[in-house]
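If you're wondering where the values come from, they're calculated on a predicted model, not measured in any experiment. Chain identifiers are assigned alphabetically (A, B, ...) following the order of the sequence lines, protein sequences preceding nucleic acid strands; residue numbering begins at 1 within each chain. The figures here come from the full heavy-atom set of this structure, side chains too, leaving out hydrogens, waters and symmetry mates.
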2 protein chains.
Amino acid sequence: MPRNTVSAELIVTAALRLLDQVGVEAFSVRALAKELGVAPMTLYTYFRGKDELLDAVRDHALGNAALTTAYGGWQHQVRTICRRLRGQILEHPCLTSLLQQRPLAGHESAESAESLLRALVEAGFNEENAARAYTTLLGFVVGVTTLEVRLLEENSDPERREKVREIMSGLPADRFPQLVAHTPALRHTIGGDVQFEFGLDLVIAGMEQRLILSP
Amino acid sequence: MPRNTVSAELIVTAALRLLDQVGVEAFSVRALAKELGVAPMTLYTYFRGKDELLDAVRDHALGNAALTTAYGGWQHQVRTICRRLRGQILEHPCLTSLLQQRPLAGHESAESAESLLRALVEAGFNEENAARAYTTLLGFVVGVTTLEVRLLEENSDPERREKVREIMSGLPADRFPQLVAHTPALRHTIGGDVQFEFGLDLVIAGMEQRLILSP
DNA sequence: ACCTGAACACCGTTCAAGT
DNA sequence: ACCTGAACACCGTTCAAGT
């Protein structure tokens with residue numbers, strides 16, 4: 001039998017590509033093995049199981065982040081780090097699912113966590129509130145970006161798109177006037193940086209406000 | 001053969017209970033059928049497939065929301081609606097996964113969406129920014145609450161808990177001083193309302209600020 | 001150590017058949 | 001219409017065996 005035809009590195013890279021292509025739902029160890037031209041059980045030499053493999057993929061996708069330190073005032077630092085995390089998720093849509101199912105610690109690479117916390121401490125937050133602000137930012141970024149990715153997927157699938165359109169146009173305008181009135185805006189608003197920046201502005205402005213009241 | 005031993009209502013209720021118990025990962029049509037004491041294929045009389053069933057479960061879990069109108073100033077209304085959504089997710093943890101994978105429209109019950117949008121318009125947001133604020137709130141609530149649920153799960157599983165502790169204590173304090181220093185705060189801070197209210201305060205304060213500058 | 005095929009206990013779903 | 005068992009094409013993973 002040929003030896004060292006694959007490696008942990010190779011498996012993870014191929015898994016990441018396959019996950020982004022077909023989605024977490026359709027991804028399977030067997031499909032990955034076929035992609036690599038190897039027997040399914042070969043992968044178990046490198047990973048204890050599917051879970052461990054997915055953890056490695058998540059770490060790999062996040063670890064590829066530019067480790068550049070964020071410069072400028074704390075607001076600018078926070079913005080930079082959050083945008084970077086969002087960028088990683090958009091680049092690897094499977095991260096939406098991987099991050100939801102397997103957070104781990106602060107649930108991204110240690111470098112991001114470190115620089116985000118540093119910026120928050122520099123802003124003036126005390127220990128506890130820095131941790132709270134950190135969790136808020138993480139939840140916000142992952143939540144909004146996940147929503148964005150899912151809605152874009154929904155929009156690109158003609159069948160699902162039609163189904164949603166049907167539901168929305170079926171809403172009685174007298175019971176849901178705001179919802180009906182805002183449907184175009186809600187549609188037009190998804191995907192793209194403006195939505196994300198809008199939310200990020202809100203959170204950061206809220207932080208500035210909070211720091212005046214109590215750190 | 002006995003007739004009408006099950007119904008769509010019964011199936012959805014049992015599915016919701018099973019999903020909360022074992023998680024979306026372990027949930028299967030066959031397991032649900034066994035739970036109901038019925039052949040797997042029986043469920044296909046009521047639902048076209050697993051996807052349609054999960055959609056129904058998601059709607060059912062969200063639809064159970066108290067439809068009470070939110071009173072008070074727009075800030076209080078927004079707070080009430082966001083807390084209610086978080087409450088639903090905490091009550092049915094499987095909603096974290098169901099909402100991530102299958103958003104649908106504004107991705108909760110139409111009543112919530114309607115009252116949230118109404119509050120935002122009342123606050124003074126124009127059409128586009130009301131939609132943006134809505135998406136921000138939705139992403140924030142689902143994101144932060146999902147993070148909360150996952151970290152609590154992680155904490156309650158002794159094996160995973162130990163693994164995380166190992167990773168965190170293995171971090172070099174000279175490279176990640178903030179992360180190491182904040183590990184206790186990050187641990188102590190998860191779960192419970194204070195973390196959620198902290199973030200909600202930030203977003204709402206940010207909105208107040210934003211409304212002064214431009215609606 | 002690295003890689004394999006066969007096998008086990010599962011999946012979701014189609015199909016033909018029963019009432 | 002409602003419910004069924006058998007069957008199909010999949011899963012993840014264990015196990016014994018090969019190099």
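- Across all strands shown, C:dT13 forms a Watson-Crick or G-U wobble pair, both distances under 3.5 Å, with D:dA7.
- The side chain of A:V6 lies closest to C:dC3, out of D:dC2, C:dC3, D:dG12.
- When the side-chain nitrogen and oxygen atoms of B:T5 are compared with OP1 and OP2 of D:dC3, one or more of them lie within a distance under 4.0 Å.
- Rounding to whole angstrom units, CG of residue A:L36 and P of C:dT4 are separated by 11 Å.
- Listed nucleotides: C:dT4, D:dG12, C:dC11. Nearest to the side chain of A:V38: C:dT4.
- Rounded to whole Å, the distance from CG on B:L10 to P on D:dC2 is 14 Å.
- For the 3.5 Å distance criterion, the side chains of A:T96 and A:R150 qualify, holding a donor opposite an acceptor.
- Regarding A:L32, its CG atom lies at a distance of 15 Å from the C1' atom of D:dT13, rounded to whole Å.
- Here B:Y46 reaches the OP1 or OP2 of D:dC3: one of its side-chain N or O atoms lies under 4.0 Å away.
- Separating the CD1 atom of B:I11 from the C1' atom of D:dC2 is a distance of 11 Å, rounded to the nearest angstrom.
- By the 4.0 Å N-to-carboxylate-O rule, A:E148 lies close enough to A:R86 to be salt-bridged with it.
- Of the candidate nucleotides C:dC2, D:dT4, D:dG12, D:dT4 has the atom lying nearest to any side-chain atom of B:A39.
- If you measure from atom CZ of A:F47 to atom P of D:dT13, you get 13 Å, rounded to the nearest angstrom.
- Listed nucleotides: C:dA6, C:dG12, D:dA6. Nearest to the side chain of B:V29: C:dG12.
- The distance between atom CD of B:E25 and atom P of C:dC10, rounded to the nearest whole Å, is 17 Å.
- Along DNA chain C, the nucleotide closest to A:R30 and the one closest to A:G37 are compared, and the more 5′ of them pairs with A:G37.
- By the 6.0 Å contact criterion, NZ on A:K163 is open, its count of non-hydrogen atoms from other residues, nucleotides or ligands being 12 or less.
- Side-chain contact of B:T189 with A:E128: a donor-acceptor pair under 3.5 Å is absent, judged by distance alone.
- Closest to the side chain of A:M41, from the set D:dC15, C:dC2, D:dG12, is D:dC15.
- Residue B:K34 contributes atom NZ, which lies 13 Å from atom P of D:dG5 at whole-angstrom precision.
- Rounding to whole angstrom units, NZ of residue A:K50 and C1' of C:dC10 are separated by 13 Å.
- When the shell of 6.0 Å around CD of A:E162 is examined, it contains more than 12 heavy atoms from other residues, nucleotides or ligands.
- Between A:Y44 and C:dC2, a side-chain N or O to OP1/OP2 separation shorter than 4.0 Å is absent.
- Proximity of B:T42 to the phosphate of D:dC2: no side-chain N or O atom is located under 4.0 Å from OP1 or OP2.
- Closest approach to the B:T45 side chain among C:dT4, D:dA6, D:dC2 is made by D:dC2 (side chain taken as heavy atoms from C-beta onward).
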